Protein chains: 2
Amino acid sequence: MTESAPDPAVRAKTRIQRENEEKILEAALEVFSAEGFRGSTIDRIAQEAGMSKPNLLYYFRSKEEIYRAVLDATLDGWLDPLRRIDPAGEPLDEIRAYLRRKLEMSRENPRASRLFANEVIRGAPLIMEELTGTLRELVEEKAAVLEGWIAEGRMAPVEPRHLLFAIWATTQHYADFQVQVQAVLSADEGAAIDGAQAFLDTLFLRALAPR
Amino acid sequence: MTESAPDPAVRAKTRIQRENEEKILEAALEVFSAEGFRGSTIDRIAQEAGMSKPNLLYYFRSKEEIYRAVLDATLDGWLDPLRRIDPAGEPLDEIRAYLRRKLEMSRENPRASRLFANEVIRGAPLIMEELTGTLRELVEEKAAVLEGWIAEGRMAPVEPRHLLFAIWATTQHYADFQVQVQAVLSADEGAAIDGAQAFLDTLFLRALAPR
DNA sequence: GGAATTGTTGACCATGCGGTCAAACTGGCG
DNA sequence: CGCCAGTTTGACCGCATGGTCAACAATTCC
């Protein structure tokens, strides 16, 4: 009650709070990305985080609250590569760089990719707002940039939204369908993504180069 | 016991058996594709199939048996478009036709695509054998065909396995990530796939045309 | 019709799971 | 130390879920 300075409803987080919340989010990403929301259990996440179930529920009030937290914590990072497409850059260089960033995400954080894949396949019950809001607006913004480049004759004329879909699909494929890729090639994930980078550069840059 | 002709352990299926098994597989595809294995319940599938849970379990002995059955029933159809790539055909025509067939599958049977996506994201616990067996061999066979075409200078030199990944990823994207596609465009699925067809034709055919 | 086979289901069981709670323990600070 | 907010957990509750079973209903075949 007797808070001196700021918002009395929000107390500063203790060291233990910060540490445990981080442990929980890490564990939740591991479990939710592999099992999906309904397939995951609080017990499993607690075990992964090295604490008891009631203790985990001391930090997050419900399974859905954990899920939302880990989705939110991951969403920004997912959108970032797209945000960084620079209207002032050289079109094909920007697209190549975007491919790199997305592939790098598939290599470094495949769990984040699978987390979203799971959520979206289910019909995106919890992130529909972000899809029709933030994502849609960002896509429109970048689509306009691409259309500008096309109008200037600096890249081949294609529907920019479908181009973005194709980039998402091809890059995230190496995270979401990792076991399939590895079953077909017999390479580890790193090697597969190296091959992917060479291939996708060729595919997109040849197709998008102005005539 | 007293079977006259063939395998005494396998009796011919009755009309009711055939009808009900079909109803169950249809319902199971609906539910498993939307919820994944762990997220689905037998009760839900039984309800969708219009019968009681014990009745459903009279035809399939466990949840996993239903799941395997629906996976098997869908797998062949999933592989078929790839099988139909004709070594005697014109390379770019064959690839265009393959794209068409895969996109058509995303339009006509998105549930099958999502069923596999769910399974593979989870690490393909039940179809790993098919991935490293049937699929891998089929990919090797078709990769050899593509490499032959490349050696003959009839299409651009690219790693054929990654080309197949890219085709799978881009076409199945419209089924697996349907809600995202619809959130970003504001078109219905049919219209989105029409746009996809035009775009993917351009993307792959421009990239793969021999210089 | 009637027997045998096939099909159907309400009731039930055991387990798993999300979530609660009271009681105990701990860390930081005067 | 001694206090107290903050932290931890064993035990528990209620409900959902996979699966069983015995009894009942419908078909099939003579």
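Because the structure is a prediction, the values reported are computed rather than measured. In the text below, chain A, chain B and the rest are named by the order of the sequence lines, each starting its count at 1.
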Is it true that the side chains of A/R111 and A/T74 contain a donor and an acceptor less than 3.5 Å apart?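 The criterion, which ignores hydrogens and geometry beyond distance, is not satisfied for A/T74 and A/R111.
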Atom pair distance, as rounded to whole Å: [atom1] in [X] and [atom2] in [N]:
X: A/Q47; N: C/dG16; atom1: CD; atom2: C1'; answer: 14 Å
X: B/R15; N: C/dT8; atom1: CZ; atom2: P; answer: 10 Å
X: B/Y58; N: D/dA22; atom1: OH; atom2: P; answer: 16 Å
X: A/Y59; N: D/dT8; atom1: OH; atom2: P; answer: 4 Å
X: A/L56; N: D/dG6; atom1: CG; atom2: C1'; answer: 17 Å
X: A/I42; N: C/dG16; atom1: CD1; atom2: P; answer: 16 Å
X: B/R61; N: D/dC21; atom1: CZ; atom2: P; answer: 13 Å
X: A/E19; N: D/dG6; atom1: CD; atom2: P; answer: 16 Å

Check this for me: does any side-chain nitrogen of one of A/R100 and A/E104 sit under 4.0 Å from a carboxylate oxygen of the other?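 No, this pair does not count.
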For a quick test of reading the model: is some side-chain N or O of [X] closer than 4.0 Å to OP1 or OP2 of [N]?
X: A/R38; N: C/dG16; answer: no
X: A/N55; N: D/dT7; answer: no
X: B/Q17; N: C/dG7; answer: yes

With DNA chain D as reference, determine whether A/S52 or B/E64 sits nearer its 5' end, using the nearest nucleotide of each.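 Whichever sits nearer the 5' end wins; that is A/S52.
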Spell out yes or no: do the side chain of B/K53 and the base of D/dG19 have one donor N/O and one acceptor N/O closer than 3.5 Å?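 By the distance-only test, yes, there is a pair.
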When all nucleic acid strands are considered with a 4.0 Å heavy-atom cut-off, which category describes A/I16: base, sugar-phosphate, or nothing?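 Sugar-phosphate only.
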Taking atom CD as the centre, does A/E147 end up with more than 12 heavy-atom neighbours from other residues, nucleotides or ligands that are less than 6.0 angstrom away?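 Yes, enclosed.
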Between C/dT6, D/dG19, C/dG19, which nucleotide gets closest to the side-chain atoms of B/T14?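 It is C/dT6.
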Please determine, for the side chain of B/N20, which listed nucleotide (D/dC21, C/dC17, C/dT8) has the closest atom?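 It is C/dT8.
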Kindly say whether A/A175 contributes a backbone atom to a donor-acceptor pair with the side chain of A/R114 at under 3.5 angstrom?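 Such a contact is found between A/R114 side chain and A/A175 backbone.
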Test salt bridge (charged side-chain N to carboxylate O under 4.0 Å, His left out) on A/R15 and A/E19 and set out the steps. CA-CA 6 Å; A/R15 173 183 56 85; A/E19 287 173 3; 3.5 Å; yes
